[in-house]
Structure formats: C-alpha cells, structure tokens
Amino acid sequence: HLMKYYFAVIFPLVFLLGNCLSFSLFPLARSVKVATAPAGARVEVFDERELIAEFTTPGRFYLFKDRNVTMIISKDGYRTETADVRFKYSPVRAFVTAITGYACLMVPAGVDLLTGAIRVPTKQVHTIELQPLKEGEREIHIDVRLERDDLITVSTDAK
C-alpha cells in the first residue's frame, strides 16, 4: 500500500521539481569574480552587515540566493572601495524555466520564480582600480553598532 502511494504522489512530485533550476546546483550557484589593480586586495562580502565571504584578489565567491550584497575592497596604502552586487532577471534562465515548466504543468516555473533562480548578478566580473593614498593621507575606519535599544557603540582604528 505504501509503494502505491510512493509512485502515485512522491514520484511525480520528484519528477516535476527535478526540472526546476532551483534544485540544480550548477544553475543556482552564482559566481562573482573580483579583480583589482594592484592585485592582493582584501575583499569582504556583506549581506546586511553579515560577513558571508572573504578572500584576496583575484578571486571569486558564490551566491546561492538572489540577495543584493555589498563588497568592501581594501589594501594597505590604497583607498578602500565599495561595490554592490545587484541582480536582474536572466532571459536565458527564464526561457529554460518556461520550457521545462510547460512540459511539467508549470510547477518548476513557479518554484524558480519564488526562489529567485532565474535572477543573476548584473555584473559577474568586477574589476576595481584602487587609488593610492596621497603622502601623509591615511584612512580611518569607523564602525557604529546598535548593541541594544539604548546602547550604541562607536569604534575606530585611528591611532
């Protein structure tokens, strides 16, 4: 009796959802490459103040969600730069989703639309030219945090 249920409900569901981009690791993993001139800069990737990736240029990171993120690129002796990773709808992914969706009762298309699998970064390669600090110039980094509703902390790396 359980086998009958498996084939009647579970197997068709797995077949339908198996055609979703959302359940395929390769199409869903979004790769963003970052290069700097000069190379060797530190890249920190933040999703709403949460550090989600850190590496040295040239390098890359992968996003599994279509959330907009911010990169902070820094190197001693150079000005710190920021760059945003934004997303757009991919016509190729939308076409693949529509074709597989049409063949499978539009279930994969609905899942892919809800999960954001048809969105890709607007730029997959970021090339950033770092500007050297002028003689005597230095950067001061200030971090402001809301610790509790009534406590704000401010810290700096100034010496």
Side-chain angles (χ1 to χ4, degrees), residues 14-101 104 107-148 151-159:
V14 169
F15 173 75
L16 290 174
L17 294 179
N19 289 307
C20 295
L21 291 175
S22 302
F23 296 108
S24 168
L25 273 182
F26 176 72
L28 189 56
R30 298 165 181 98
S31 170
V32 177
K33 183 178 179 184
V34 182
T36 57
R42 178 179 172 205
V43 178
E44 297 171 298
V45 183
F46 291 91
D47 179 0
E48 294 187 13
R49 294 195 51 90
E50 180 184 344
L51 182 66
I52 60 170
E54 188 174 2
F55 59 93
T56 303
T57 61
R60 76 176 57 239
F61 65 98
Y62 300 90
L63 294 166
F64 290 93
K65 298 187 289 183
D66 70 338
R67 303 251 332 213
N68 296 328
V69 298
T70 300
M71 298 183 294
I72 297 177
I73 303 102
S74 60
K75 184 175 174 93
D76 286 341
Y78 293 86
R79 288 197 176 104
T80 299
E81 300 286 337
T82 61
D84 294 324
V85 177
R86 300 293 181 239
F87 283 82
K88 65 178 181 177
Y89 285 99
S90 164
V92 172
R93 286 182 185 222
F95 177 75
V96 169
T97 296
I99 294 300
T100 59
C104 300
V107 172
V111 171
D112 289 339
L113 186 62
L114 290 173
T115 61
I118 59 175
R119 292 172 40 95
V120 294
T122 54
K123 284 176 63 177
Q124 291 191 285
V125 178
H126 290 261
T127 305
I128 296 155
E129 188 169 331
L130 298 173
Q131 300 300 315
L133 293 173
K134 296 175 184 168
E135 188 175 329
E137 184 181 30
R138 65 186 182 117
E139 286 191 334
I140 298 174
H141 300 275
I142 298 173
D143 188 31
V144 179
R145 294 176 190 252
L146 177 63
E147 301 291 338
R148 297 187 316 253
L151 179 64
I152 297 174
T153 60
V154 179
S155 59
T156 180
D157 63 358
K159 296 172 184 145

Could you pull out the closest heavy-atom pair between [X] and [Y], with the gap in Å?
{"X": "Lys75", "Y": "Pro38", "result": "CE-CG, 3.9 Å"}
{"X": "Pro121", "Y": "Val32", "result": "CG-CG2, 3.9 Å"}
{"X": "Tyr62", "Y": "Ser31", "result": "CE2-CB, 3.6 Å"}
{"X": "Glu44", "Y": "Phe46", "result": "CB-CE1, 3.5 Å"}

Heavy-atom side-chain contact between [X] and [Y] under 4.5 Å:
{"X": "Phe61", "Y": "Ile52", "answer": "no"}
{"X": "Thr36", "Y": "Tyr78", "answer": "no"}
{"X": "Arg60", "Y": "Gln124", "answer": "no"}
{"X": "Asp84", "Y": "Asn68", "answer": "no"}
{"X": "Arg79", "Y": "Leu133", "answer": "yes"}
{"X": "Leu63", "Y": "Asp47", "answer": "no"}

Spacing of [atom1] belonging to [X] relative to [atom2] belonging to [Y], to within rounding of 0.5 Å:
{"X": "Ile72", "Y": "Thr80", "atom1": "CD1", "atom2": "OG1", "value": "8.0 Å"}
{"X": "Glu81", "Y": "Gln131", "atom1": "CD", "atom2": "CD", "value": "6.5 Å"}
{"X": "Thr56", "Y": "Glu54", "atom1": "OG1", "atom2": "CD", "value": "8.0 Å"}

* Side chain Lys33, main chain Pro58, donor-acceptor under 3.5 Å -> no
* Please confirm whether the backbone N or O of Gly59 pairs with a side-chain atom of Thr57, one donor and one acceptor, at under 3.5 Å? =>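 Judged by distance alone, no pair lies under 3.5 Å.
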* **Any side-chain donor near an acceptor of the partner, Arg86 and Thr122, under 3.5 Å** => no
